[in-house]
Amino acid sequence: MRRLVLSAALAAVGLGGVASAGSPEVSVRVAPAEVRQGGAAEVTVWIRPAPVGRLAVRFAGRTWPLYRDRDRWRTYLGTDPTTAVGGREVLVEATGAAGSAVLARATLTVRRVPFARRRLTLDPDDLARLDPALLQDEARRVARALRVLSDAQLWEGAFDLPVRGRLTSRYGVLSIYQGQVRGFHRGVDLAAAEGTPVRAAAAGVVRLAEELPVSGNAVLVDHGLGVVTAYLHLSRLEVTSGRPVRRGDLLGRVGATGLATGPHLHWGLRVNGVYVDPLLWVRARPSL
């Protein structure tokens, strides 16, 4: 754990009587201290006494929320194939009525991964699903469903694989359709027979369970602290939005709905809006 003392600049921000009480002690821990692209790190912050202002983390050019957990604050930082490699600064910031101040600094090192490429040729019906209007509609519906997430950790331990299947496409593969780059694969594909049960990888709350234009029948599960798993292309939905689920609960069944070339489950994992490699969170890897 790295312990740092709050800078005097915070007194000017007006965060809860800092000037009269003296500089509070601030500790920040980033674990692990090094991740590969597609990995995630947990940030834990202790501040005594606690400030009144809003706390957040700055990393990789964006702001990440901090969630109150008894006498500390926690969050997860996600990286993906677009995250720049090397030592990246992690800043803990507090914002009050008079502005913002940096409370603590740490470093998270990101290692490069040589992600593969895949070239696919789609038939006209599948290609039509990549219409920008459909993509925007799906993005709006997903954003609406994930507007409110749990600020408490709902899962325990490593995640389970949601389906018994063969790994057919890894995370991070650069997808090229009809010769046009469409971005990296934001999860993993697990091939299985249509109708195979798909189960919750960990405990959480279902935030979305509906048919989407590109992802087909989809389920999104909120696990707390900004961690969300996605189960796509299902043939059938077995849950409804708002339902709490436990590890292993039935969510749906493998299918080929939406933009899919055959029966499989696309399984994704978001960390505060960034898609990371879900296989880095599981107990056991799938067969190849």
Side-chain angles (χ1 to χ4, degrees), residues 35-40 78-83 111-130 134-135 138-139 142 158-202 211-221 227-236 251-271 273-288:
V35 299
R36 54 182 287 179
Q37 288 174 316
T79 67
D80 64 24
T82 69
T83 304
R111 292 188 289 109
R112 185 182 304 280
V113 175
F115 294 106
R117 296 188 173 204
R118 63 175 180 178
R119 296 180 180 274
L120 300 174
T121 300
L122 304 177
D123 63 39
D125 289 341
D126 286 335
L127 193 61
R129 292 183 182 274
L130 296 177
L134 294 179
L135 295 172
E138 179 163 321
V142 169
F159 286 19
D160 288 340
L161 284 172
V163 69
R164 294 182 179 274
R166 182 172 57 88
L167 178 63
T168 57
S169 184
R170 297 179 181 273
Y171 167 87
V173 175
L174 186 66
S175 298
I176 303 172
Y177 298 155
Q178 259 80 346
Q180 182 178 355
V181 175
R182 290 287 183 174
F184 69 89
H185 195 217
R186 300 192 298 182
V188 295
D189 288 345
L190 299 167
E194 185 155 348
T196 301
V198 174
R199 302 186 181 279
E211 184 178 6
L212 298 175
V214 181
S215 299
N217 290 326
V219 173
L220 302 180
V221 178
V227 177
V228 175
T229 49
Y231 310 77
L232 311 182
H233 307 303
L234 304 173
S235 62
R236 179 174 173 179
L251 301 178
R253 298 184 182 275
V254 169
T257 57
L259 180 54
T261 57
H264 75 284
L265 173 71
H266 173 98
W267 183 44
L269 194 153
R270 290 167 46 129
V271 171
V274 174
Y275 281 94
V276 301
D277 186 348
L279 295 188
L280 299 178
W281 291 63
V282 301
R283 304 171 189 271
R285 300 298 176 89
S287 60
L288 298 175

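Computed over heavy atoms, backbone and side chain alike; hydrogens, waters and symmetry mates excluded. Fair warning: this is a prediction, and the values are worked out from it, not measured in the lab.
Side chain of His233 to main chain of Ser215: a donor-acceptor pair is present (N/O by atom type, distance under 3.5 Å, no hydrogens or angles). Side-chain atoms of Ser235 do not come within 3.5 Å of backbone N or O of Glu194 as any donor-acceptor pair. Thr229 places no side-chain N or O within 3.5 Å of a backbone atom of Leu269 that could act as its donor or acceptor partner. Listed for the Tyr231 side chain is no donor-acceptor partner under 3.5 Å among the backbone atoms of Asn217.
A 4.5 Å side-chain heavy-atom check between Val254 and Leu234 finds every atom pair outside the cut-off. Residues Val198 and Val219 have side chains not in contact (no heavy-atom distance under 4.5 Å, counting atoms from C-beta outward). Residues Phe184 and Thr82 are in side-chain contact: their nearest non-hydrogen atoms beyond the backbone lie under 4.5 Å apart. At least one side-chain heavy atom of Leu220 sits under 4.5 Å from a side-chain heavy atom of Val142. Contact of the Ile176 side chain with the Arg117 side chain is registered, since non-hydrogen atoms from C-beta on lie closer than 4.5 Å. For the pair Asp160 and Val282, the minimum side-chain heavy-atom distance is 4.5 Å or more. For the pair Ser175 and Arg118, the minimum side-chain heavy-atom distance is below 4.5 Å. In this structure, the side chains of Arg166 and His264 stay at 4.5 Å or more apart for every pair of heavy atoms.
Around atom CZ of Arg112, no more than 12 heavy atoms belonging to other residues, nucleotides or ligands sit under 6.0 Å away. The local environment of CZ in Arg283 is crowded, with over 12 non-hydrogen atoms from other residues, nucleotides or ligands closer than 6.0 Å. The neighbour count for Arg270 CZ, taken as heavy atoms of other residues, nucleotides or ligands under 6.0 Å away, is above 12.
Note that CZ of Arg170 is 10.5 Å distant from OG1 of Thr168, once rounded to the nearest 0.5 Å. To the nearest 0.5 Å, the span separating CZ on Arg111 from OG1 on Thr79 amounts to 10.0 Å. Once rounded to the nearest 0.5 Å, the distance linking CZ of Arg186 with CG of Leu232 reads 9.0 Å.
The minimum heavy-atom distance between Gly78 and Val276, with the atom names listed, is CA-CG1, 3.8 Å. Closest heavy-atom contact between Pro286 and Leu279: CD-CD2, 3.8 Å. A pairwise comparison of heavy atoms in Val113 and Gln37 identifies N-OE1, 3.0 Å as the closest pair. In terms of heavy-atom proximity, Gly165 sits nearest to Leu190 at O-CD2, 4.4 Å. Closest of all the heavy-atom pairs between His185 and Ser169 is ND1-OG, 3.3 Å. A pairwise comparison of heavy atoms in Gly187 and Pro278 identifies CA-CD, 4.3 Å as the closest pair.
Between Asp80 and the choices Tyr275, Phe115, Tyr171, the side chain to side chain contact (heavy atoms under 4.5 Å, CB included) rule is met once, by Tyr171.
Under 3.5 Å, the side chains of Arg164 and Thr196 contain no donor-acceptor pair of N or O atoms.
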Phe159 and Leu280: side-chain contact (heavy atoms from CB on, under 4.5 Å), yes or no, with the steps? CA-CA 9 Å; Phe159 286 19; Leu280 299 178; over 6 Å; no
